[in-house]
Amino acid sequence: MEKAVEDLDQAQAKAELARLAQVLAAANTAYHTLDAPELSDAEYDALKRRNAAIEARFPELKRADSPSDQVGGAVSSGFGKVAHRVKMLSLENAFAESDVAEFDERVKKFLGIAEVSYTAEPKIDGLSLNLRYETGVLVQAATRGDGKVGEDVTDNVRTMADIPQTLPDAPDLLEVRGEVYMSHADFAELNARQAARGDKPFANPRNAAAGSLRQLDANITAARPLRFFAYAWGALSQPLGLTQIASIEAFNRLGFQINPLTMLCHTPDDLIAQYRKIETLRATLGYDIDGVVYKVNDLALQERLGFRSTTPRWAIAHKFPAELAWTRLLAIDIQVGRTGALSPVARLQPVTVGGVVVSNATLHNEDYIAGRDSKGAIIREGKDIRMGDWVQVYRAGDVIPKVADIDLSQRDTTAQPYAFPTICPECGSPAQREEGDSVRRCTGGLICPAQGVERLNHFVARGAFDIEGLGKKQVEMFFADPDLPVRQPADIFTLSARDAANPFKKLKNRDGFGEKSATNLFAAIEARRRIPLDRLIFSLGIRHVGEVTAAVIARHYTTWPAFEAAVTLAEPGNAAWEDLLSADGVGAVLAHSLTEAFRNPAERAAIEALAAQLTILPVEVRANIASDIAGKTVVFTGTLEKMTRAEAKARAESLGAKVAGSVSAKTDLVIAGPGAGSKAKDAERLGVTLIDEDAWIALAGLA
Ligand code: IVH
């Protein structure tokens with residue numbers, strides 16, 4: 001039996017702190033570096049709490065290597081990771097009132113009903129948090145992270161007054177979601193304290209809230225006044241209500257703060273009225289908001305509407321207009337991206353826009369600088385942008401600042417139109433524009449160092465290989481390293497062997513590395529040698545192949561050999577090409593881009609070299625979906641009467657089916673409503689099973 005902290009004497013406390021430091025360090029290595037946890041989260045947390053309690057009683061015994069100061073492996077961000085049981089989503093944005101009307105129309109059309117009620121509530125400008133309660137006890141708090149995996153900030157959240165540690169009468173499992181934020185008054189006070197101590201002030205309350213929550217020392221978080229509004233939920237053992245508004249009210253009864261400006265609205269006009277009301281109150285609220293969120297009130301309808309890849313179909317964020325400021329354009333720099341695109345960046349005299357200091361803005365492309373949009377239409381009344389101009393910049397939400405306007409009366413009479421480079425500034429290769437493309441691209445391909453670095457950055461980023469300890473800084477370093485170069489993705493996987501084979505200049509002895517971080521990096525790379533097919537396809541950084549498309553393609557082919565063989569064969573007009581196009585969302589532009597990448601000898605060699613280093617995991621048909629249609633390819637045709645085509649497609653996909661646009665020999669099932677034409681005939685000709693809508697509803701378990 002462990003001795004209670006209060007009963008320890010000084011010598012025992014010292015020995016116990018030493019033991020805990022060792023056990024927790026081993027647990028961290030097992031979890032973060034070896035990906036093989038030895039302790040459950042609860043056991044780990046209990047040990048950490050015991051360590052913190054002993055340190056609180058005997059502050060003078062706190063060790064230099066105290067586990068309180070270091071969570072996680074050395075190269076990790078410092079926090080444990082939490083896989084969200086229910087993805088944490090973001091919201092689609094609306095800017096104009098017409099966007100709101102379109103949203104309402106879309107919802108009604110999808111559901112096939114005439115009227116829908118919504119809630120309207122302020123969009124809090126903070127950071128979202130998932131709070132997990134088991135039998136009414138707070139057991140875990142996690143940040144949103146990338147939506148799938150967040151950071152464990154439980155210790156820090158326990159110090160927040162707005163967050164109950166226990167809930168009366170809660171369901172067995174309840175995940176409460178909401179926004180952590182800091183009030184204007186608390187922000188001003190915190191910054192005054194920072195300044196008095198000679199510490200850097202925070203740019204805005206949102207950054208202050210994020211910085212305070214993500215503290216490795218929970219004592220620091222405790223000293224920072226963070227607040228919380230509850231507005232959503234994740235996993236639940238039992239629903240809180242039948243509607244959004246009832247669920248939010250249930251949160252309030254459980255002891256959470258809910259936003260007092262949350263309103264039930266019955267028409268789009270009501271939504272706009274509430275938007276205007278909140279906008280007028282904005283300056284008096286005492287905390288930052290950046291828009292109004294509308295959510296379908298009826299939870300059964302929310303369920304039917306479901307999700308796109310990262311946003312729900314049943315909600316939208318109506319943002320406030322962007323904030324504006326005037327400043328001087330000092331220079332135009334050209335950045336070369338992963339696909340060779342030359343992107344002009346405005347270097348600005350720093351100016352504060354809505355509480356954030358802005359010194360760069362995007363200028364998009366050549367045409368934008370010249371006063372035309374990507375379709376050739378005149379913008380800014382045709383005013384072009386010149387070096388030294390007095391420009392108006394704006395930012396809307398988190399987006400990169402943009403240049404909205406130019407004050408010609410302030411223009412220097414000697415200013416010349418900007419001459420967009422026709423030579424890549426990074427490698428000297430010609431930079432060309434393809435017909436109909438507003439972007440000028442470097443033609444240097446793999447010989448262009450800027451493209452090389454950006455491809456690698458994409459390769460190691462979140463959503464792709466996500467290799468811990470290999471960020472932008474390290475990628476750039478390895479790219480230029482004469483002894484241990486990493487010029488293409490495959491080189492990452494030979495890094496450890498090459499380092500071992502070189503008796504001199506070991507990685508562990510280099511600047512910015514040590515024994516531990518070198519070992520951790522090699523372990524993080526090793527952990528990614530097994531990679532799911534969809535992530536590999538996305539990681540290749542092929543133009544037009546984003547995360548969602550990569551997943552679609554992976555599901556279509558299921559294995560790497562099948563995928564590789566198919567894209568090698570595919571050429572406009574042949575069967576492999578048609579098959580590629582039959583994957584949902586794959587069009588000719590994407591198919592060209594994909595097949596060209598595999599046909600280019602240098603790129604092909606880089607891909608083969610990479611594949612040779614990996615174990616590529618085939619796509620698993622989602623076995624947790626107990627459905628007869630998981631993994632099947634289905635085609636809808638004709639008029640559906642019980643649900644709209646959009647809903648049918650979304651439902652089929654959420655059950656693990658692939659929805660294709662045309663019937664081929666690979667199609668498993670065609671669902672034909674009245675008026676079905678050639679597709680039904682194709683099905684009959686190819687011997688594909690053909691069913692009607694009722695049979696589909698029964699089969700998909702939707703009845
Ligand atoms: S609902 C499934 N409601 O906005 C929908 N989000 O842009 C989940 N946010 O990540 C979000 N106030 O951090 C919702 N009243 C509100 C919100 C809100 C702020 C944030 C949240 C989310 C982001 C999406």
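In this text the structure is predicted, and so the values were computed from the model without any measurement. Every heavy atom of this structure was used, including side-chain atoms; hydrogens, water molecules and symmetry mates were not. In each ligand, atom 1 is the first atom listed, and ligand 1 is the first ligand listed.
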May I ask whether [X] has any heavy atom positioned less than 4.0 angstrom from an atom of ligand 1?
X      : result
Pro312 : yes
Pro122 : yes
Trp233 : no

Among all protein non-hydrogen atoms, which one is nearest to [atom], and what is the separation to 0.1 Å?
atom                    : result
atom 8 (C) of ligand 1  : Leu89 O, 4.2 Å
atom 3 (N) of ligand 1  : Lys295 NZ, 3.1 Å
atom 19 (C) of ligand 1 : Ile124 O, 3.1 Å
atom 5 (C) of ligand 1  : Leu91 CD2, 3.7 Å
atom 13 (O) of ligand 1 : Glu179 OE1, 2.8 Å
atom 21 (C) of ligand 1 : Tyr231 OH, 3.0 Å
atom 15 (N) of ligand 1 : Glu121 OE2, 2.6 Å

Could you give me the CA-CA distance, side-chain angles and deciding distance for Glu92 and Arg106, then say whether salt bridge (Lys or Arg N to Asp or Glu O under 4.0 Å) is met?
CA-CA 13 Å; Glu92 186 196 346; Arg106 247 190 347 259; 3.1 Å; yes

Heavy-atom distances under 4.0 Å are what count here, so tell me which part of Ala232 touches ligand 1: side chain, backbone, both or neither.
neither

Check Tyr294 against ligand 1 and report side chain, backbone, both or neither, counting heavy atoms closer than 4.0 Å.
neither

Between Val296 and Gln302, what is the shortest heavy-atom contact and its length?
O-NE2, 2.7 Å

Which word best sums up how the rings of [X] and [Y] line up, parallel for under 30°, tilted for 30 to 60°, or perpendicular for over 60°?
X      : Y      : value
Trp314 : Phe307 : perpendicular
Phe636 : Trp696 : perpendicular
Phe256 : Phe251 : perpendicular

Would Arg214 and Glu151 count as a salt bridge (Lys or Arg N to Asp or Glu O under 4.0 Å) here? Give the steps.
CA-CA 9 Å; Arg214 297 181 73 259; Glu151 285 175 334; 2.7 Å; yes

Quick check: does any side chain N or O of Asp534 sit under 3.5 Å from a backbone N or O of Ala554, one acting as donor and the other as acceptor?
no

Could you tell me whether the side chain of Arg338 and the main chain of Gly541 form a donor-acceptor pair under 3.5 Å?
yes

Evaluate the side-chain proximity of Lys649 to Asp584: yes if any heavy-atom separation is below 4.5 Å, no if none is.
yes

Ligand 1 atoms nearer than 4.0 angstrom to some heavy atom of Trp314 are 2 (C)

